[in-house]
Amino acid sequence: MDPMRTDATDAAVALSYINETAPVLAIWLDAELCIVEANALAKKLLPGGAIGRNLDQIVVDFAASLDLRDLISRPNEVHMLTMKSAAGLPETYHFRFFPLVAGTLALGSLDFAEQQRMRNEVLELNRELSNLTRQLHLANAELRELHELKNQFLGMAAHDLRKPVGIIMTYSEFVLDEAGDTLSAEHHEFIRSCLKAAQGMKVLIDDFLDISVIESGHLRLNQIRLSVGEILEGVSEMGGVLARKKKVTLVLQPADRGLRVRVDAPKLQQVLLNLVGNAIEHSQPGQTIWLAIDQRAGELVFSVRDEGQGLSTEDQQALFKAFASGRTRKTGGERSTGLGLMIARKIVEAHCGRIWVESQSGAGATFSFSIPLEAEVRALQETRP
Amino acid sequence: MDHELTPTAASEDAYHCYLDGLLAGDRKRCKVVVEGWLESNPDLRVLYEGLFQRSLYEVGSLWEHSRVSVATEHLATAITESMLALVYPRLLSQNHIAKSALVTCAANEYHQIGAKMTADIFEMHGWRCWFLGANTPASDLVEFIGEKHPDVVALSLSLYFNQDALFSMVKTIREAFPTVPMLLGGQGFLAGGSVRFEGIEAVRYLSSLAKLEEWIDSHGSDAH
């Protein structure tokens, strides 16, 4: 032991340790509980470096239940105090107050057992999170596989059903054409019902086939440059037939029939026929449907407007999702798969376009989609990952 | 629907056992209580309100009276948040209706569990729900609302002293979206303060998860 060492030297060593490195908050208070000095840790952790503030300014006391002078008057007890911090989040310390010749020394430490418990809990939670993440990825992989299997099954089933349905349709038409005269009115109606049911089934099967292709990520576009007039050819013919059957007027309003755009024509016509078909199905005899095509700011916008019962905001939100039949009724009781608009959305999106609806309940609906003109399509495709 | 919670002896025992587990930082004990509770009482709202909310309010009160530390309060919150995962297999398999809600906390608000329970209640009723979590800046929230167009925005407040930040956030949203309904709730209103929000168009304070359920029932629900 150093013979020159004194009690004062020991005290100075201890004080230096408290001031510079000890893991405790040390703050010196005057008689008014104002902080007149603080160690390095207190200056770092307490708001504004602590010095010059009153103790009650940095102690969190939501319930206004603390009597700090009373706590200070009990130097042999440990008091739990939550302090504001420089980082913004409060922290709880266990304080003891030591009376000095002038003022009070307050020493506050963290509860190390509690810290240990917290650390263990973090480690345990992290382990659980890691295991759960692994299970989640495994479950996702299984779901992807099942989804792929479902698509394959759907595609195969739809493909294999197409042929027998085609045979039913062909022979029903054949019987009606060739032997219609020999059938009774009742038998005639039986065959017509068979044909109608088979036609409905074919629409269903076609939708399922489209969905299986889209869902499996194999939707490929065969894009060529075509004029608006060429795109509209098949649509006006087929749409016109459907409209006349329902005694609805279909009006075409293309802005410029000569305008050329790069599209997969059969698929785009499928979208247009779907929209026109829906409009017809939701129209009353005597009403009008307008098919308009406009060029706007680098886009070609196709719109189908009807005078039907319109759509509520709720129905509009679910419209372009699978099996979204909505609450509106088709005026002729027509059946649908609820897949048509979803297929339309996928086809439009594959063209880098977008599809939307504007409607109010009871005031008709306008379904629109846009296809970017060529320069914009190139730019969009380049920015895609 | 009966919105009153009527504590039974069994549920009181479970509650005290859960609270003790929270204060001791004993997640395993809490998990046993929750699993037992779910077996005997499948109503999730009752679990949220009767066990989770009640116990966390108690822990918060103990903290406010310097009876437990900040760390214990944080641990209790973390344990309860991890308990929500036990509920998700029942909750997230519900069919969705064409309604959506955006649920979040005010800026500077780091207590997200109340908001999470609110989001779960919407999910339970078939609503599509976007949960943005703790401390969401107003600018991010406005951008998200513009992108998703939710049918309602629900804002949770846990600490009373964050009310000014919430008020400012509500005003910002209202300026950007004059009609979107906003719902407010959480422990931060228990000591009052909801009156100042009443002057803002289509803003409503709901004092409990039961009131939230009533609101959802009157605005479209697929639950039960």
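Chain identifiers are assigned alphabetically (A, B, ...) following the order of the sequence lines, protein sequences preceding nucleic acid strands; residue numbering begins at 1 within each chain. What you are looking at is a predicted structure, and each value in this text was computed from that prediction instead of being measured.
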Next on the checklist: Under 4.5 Å from any heavy atom of chain A, what part of B:L159 do you find: side chain, backbone, both or neither?
Outcome noted: neither
Item to check | Atom CD of B:E39: over 12 foreign heavy atoms under 6.0 Å | outcome: no
Checklist outcome for this item: When the 4.5 angstrom heavy-atom criterion is applied to A:L81 and chain B, the contacting part is neither
Checklist entry - Is it the case that A:R354 places NZ or CZ above or below the six-membered ring of A:W356, under 6.0 angstrom from the centre and within 45 degrees of the axis? => result yes
Next on the checklist: Need one label for A:L129: side chain, backbone, both or neither, based on atoms under 4.5 Å from any heavy atom in chain B.
Outcome noted: neither
Next on the checklist: Using heavy-atom distances under 4.5 Å, tell me whether B:T72 contacts chain A through its side chain, its backbone, both, or neither.
Outcome noted: both
Next on the checklist: When you compare the side chains of A:T92 and A:T82, does any donor N or O come within less than 3.5 Å of an acceptor on the partner?
Outcome noted: yes
Item to check | Interchain contact, B:Y160 with chain A, by part (heavy-atom threshold 4.5 Å) | outcome: neither
Next on the checklist: What part of A:E124 gets within 4.5 angstrom of chain B, counting heavy atoms only: side chain, backbone, both, or neither?
Outcome noted: both
Checklist entry - Regarding B:Q112 and B:E81, is there a side-chain donor-to-acceptor distance under 3.5 Å anywhere? => result yes
Checklist entry - B:Y18 ring centre to B:R29 NZ or CZ under 6.0 Å, with the angle to the axis within 45°? => result no
Next on the checklist: For the aromatic rings, using the six-membered ring if either is Trp, is the centroid distance between B:F122 and B:F131 under 6.0 Å?
Outcome noted: no
Checklist entry - Quick one: what part of B:S66 sits under 4.5 Å from any heavy atom of chain A, side chain, backbone, both or neither? => result both
